[in-house]
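Notes to accompany the following structure.
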Amino acid sequence: MSRFDRRDFLRTATAGAVLAPMAGLLLSSAGAEAAPATPLPGSAKGGAKAAATFRWLGNSGWRVDVGSSTFLVDPYVTRFDTGLSSGAFNPVTPLTVDTKTIRRHVGTPKTILVTHSHWDHFNDVPYIATSTEARVVGTTTTCNLALAFGVKDGLLSPVKGGEVLDFGDHVVEVVESLHSRNANYSMLFPGELASRPKRRPKNISELPEGDTLAFQVTVKGGPSVFFMGGSDFVERNLAGLAPDVAMIPTTSSSSTYDYVPRLLRALSNPRVVVPVHWDNFEVALKNPPQADEKSKKSLAEFVATVRRVSPGTRVVTPEYLTPYTFG
């Protein structure tokens, strides 16, 4: 199937859909996790296709409710302190899981999409998978780590990029991607795991990046949404995706050449862009989201660049746990 034909296949159900105006995208404010999301113009109604509600879990994490089912992307709500935000980073910070907070926010997911295996993307995944029987879709490294934490082999779906997975009311296309680079053109905790670790990892340094993926999710009767977990990408891999909405990380993007202009061009200028991975993910989920001065500046520059290079794109800066719908 050609890239053009595949794009048509994934987007057939969304043909003719109209994205809601900016004011309609923000459906409620802080503490709205239990509030119903009002359907927007262009959304499915009545007995039509399932509508989708998106809630930001902080960092690059999302909870997406499609009809009566739920899937997660990079869920990390435990948010323990490693010293990263204070400048006293401890690379052997013990791994902990806040089960009460997880149960409060993630629902009963059927699927968990994991972009890569760093702690701020993977830490809560094993508990969620073992307690809800959710399927984990991720790299070989992610799946091997999950095995070490006791996730059943039958719940693991290792992917590389290029796979198109049909989950009934939504389709997931796996995209080979890249992790962001720091000022030294390197990254924290690189490496891959070709086999299951001999023991359960105990600290954050034992969760390597393990390659990075992105995911394009097309809701049948709803939008196509592109999820990233790192501030870099393989430009050629994005040709023809043309999502309606793109969840784009802003952190550590300065080492990636022409990051925003190249990315938006490659994605055919999405109609909505949602900046993520700019908040302080070492403090509890509480609105308004906190960010240090460097992250605030990076976010402001990101928003300004999007508006400059793609004036037809709306930027929605999210708040935690707030329901958003995109028609």
Looking at [X] and [Y], would you say the former's side chain and the latter's main chain have a donor-acceptor pair under 3.5 Å?
{"X": "Ser85", "Y": "Asn280", "result": "no"}
{"X": "Thr250", "Y": "Leu299", "result": "no"}
{"X": "Asp169", "Y": "Ser69", "result": "no"}
{"X": "Arg63", "Y": "His105", "result": "yes"}
{"X": "Asn59", "Y": "His277", "result": "no"}
{"X": "Asp244", "Y": "Pro223", "result": "no"}
{"X": "Glu209", "Y": "Met187", "result": "no"}
{"X": "Ser310", "Y": "Val306", "result": "no"}
{"X": "Ser295", "Y": "Ala291", "result": "no"}
{"X": "Thr132", "Y": "Ile128", "result": "yes"}

I'd like to know if the side chain of [X] pairs up with that of [Y] as donor and acceptor (distance under 3.5 Å, no hydrogens or angles considered).
{"X": "Ser117", "Y": "Thr141", "result": "no"}
{"X": "Asp211", "Y": "Thr139", "result": "no"}
{"X": "Asp74", "Y": "Ser60", "result": "yes"}
{"X": "Thr111", "Y": "Arg135", "result": "no"}
{"X": "Glu192", "Y": "Thr140", "result": "no"}
{"X": "Thr53", "Y": "Asp65", "result": "no"}
{"X": "Tyr320", "Y": "Asp279", "result": "yes"}
{"X": "Asn144", "Y": "Ser195", "result": "no"}

Go through the steps to decide whether Tyr76 and Phe122 satisfy the test side-chain contact (heavy atoms from CB on, under 4.5 Å), and finish with yes or no. CA-CA 7 Å; Tyr76 175 59; Phe122 175 80; over 6 Å; no

Measure across [X] and [Y] and return the closest heavy-atom pair with its distance rounded to 0.1 Å.
{"X": "Gly230", "Y": "Met228", "answer": "O-CE, 3.2 Å"}
{"X": "Asp166", "Y": "Gly168", "answer": "OD1-N, 2.9 Å"}
{"X": "Gly61", "Y": "Trp56", "answer": "O-CD1, 3.1 Å"}
{"X": "Thr115", "Y": "Gly229", "answer": "OG1-CA, 3.5 Å"}
{"X": "Pro289", "Y": "Trp278", "answer": "CB-CH2, 3.7 Å"}
{"X": "Ala52", "Y": "Val64", "answer": "CB-CG1, 4.4 Å"}

For a 4.5 angstrom cut-off between non-hydrogen side-chain atoms, does [X] reach [Y]?
{"X": "Pro201", "Y": "Leu145", "result": "yes"}
{"X": "His116", "Y": "Thr142", "result": "no"}
{"X": "Phe281", "Y": "Leu84", "result": "yes"}
{"X": "Leu95", "Y": "Ile204", "result": "yes"}
{"X": "Arg262", "Y": "Phe233", "result": "yes"}
{"X": "Leu72", "Y": "Val106", "result": "yes"}
{"X": "Leu213", "Y": "Val175", "result": "no"}
{"X": "Leu113", "Y": "Val217", "result": "yes"}

Roughly how far, to the nearest 0.5 Å, is [atom2] of [Y] from [atom1] of [X]?
{"X": "Arg308", "Y": "Glu301", "atom1": "CZ", "atom2": "CD", "value": "11.0 Å"}
{"X": "Leu238", "Y": "Glu176", "atom1": "CG", "atom2": "CD", "value": "11.0 Å"}
{"X": "Ser231", "Y": "Arg181", "atom1": "OG", "atom2": "CZ", "value": "12.5 Å"}
{"X": "Thr99", "Y": "Asp124", "atom1": "OG1", "atom2": "CG", "value": "10.0 Å"}
{"X": "Ser205", "Y": "Leu188", "atom1": "OG", "atom2": "CG", "value": "9.0 Å"}
{"X": "Glu235", "Y": "Tyr257", "atom1": "CD", "atom2": "OH", "value": "10.0 Å"}

Taking the six-membered ring for Trp, are Phe71 and Phe227 parallel (under 30°), tilted (30 to 60°) or perpendicular (over 60°)?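 Taking Phe227 first and then Phe71, their aromatic rings stand perpendicular (interplane angle over 60°).
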
Please work out which of the three classes, parallel, tilted or perpendicular, describes the rings of Tyr259 and Phe302, given edges at 30° and 60°.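 If you compare the ring of Phe302 with that of Tyr259, the planes turn out tilted.
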
If hydrophobic clusters are built by linking Ile, Leu, Val, Met, Phe, Trp and Tyr wherever their side-chain heavy atoms come under 4.5 Å apart, do [X] and [Y] end up in the same one?
{"X": "Leu57", "Y": "Val283", "value": "no"}
{"X": "Leu178", "Y": "Leu263", "value": "no"}
{"X": "Phe189", "Y": "Val125", "value": "yes"}

Evaluate the criterion side-chain contact (heavy atoms from CB on, under 4.5 Å) for residue pair Asp153 and Leu147; output intermediate values, then yes/no. CA-CA 7 Å; Asp153 181 71; Leu147 286 172; 4.1 Å; yes

Do Thr313 and Asn269 pass the side chain to side chain donor-acceptor pair (under 3.5 Å) test, and can you show the C-alpha distance, the side-chain angles, and the key distance before you say yes or no? CA-CA 7 Å; Thr313 296; Asn269 297 314; 5.2 Å; no

Check whether the ring centres of His179 and His121 lie less than 6.0 Å apart, and answer yes or no.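 Between His179 and His121, the centre distance exceeds or equals 6.0 Å.
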
What I want to find out is whether Arg104 reaches Asp98 closely enough, with some N-O distance under 4.0 Å, to be called a salt bridge.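 No.
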
Between the side chains of Glu206 and Arg199, is the shortest nitrogen-to-carboxylate-oxygen separation below 4.0 Å, so that they form an ion pair?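 Yes, charged N to carboxylate O under 4.0 Å.
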
Please assess Thr93 against Asn203 for the test side-chain contact (heavy atoms from CB on, under 4.5 Å), listing each intermediate value before the final yes or no. CA-CA 5 Å; Thr93 300; Asn203 65 67; 5.9 Å; no

Decide yes or no on salt bridge (charged side-chain N to carboxylate O under 4.0 Å, His left out) for Glu133 and Lys110, but give the supporting numbers first. CA-CA 7 Å; Glu133 296 284 297; Lys110 293 184 177 179; over 6 Å; no

My understanding is that only residues two or more places apart in sequence, or in another chain, count here; which of them pass ring pair (Phe, Tyr, Trp, His ring centres under 6.0 Å) with Phe54?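 Only Phe326 meet the ring pair (Phe, Tyr, Trp, His ring centres under 6.0 Å) criterion with Phe54.
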
Val171 and Leu165: side-chain contact (heavy atoms from CB on, under 4.5 Å), yes or no, with the steps? CA-CA 6 Å; Val171 174; Leu165 309 175; over 6 Å; no

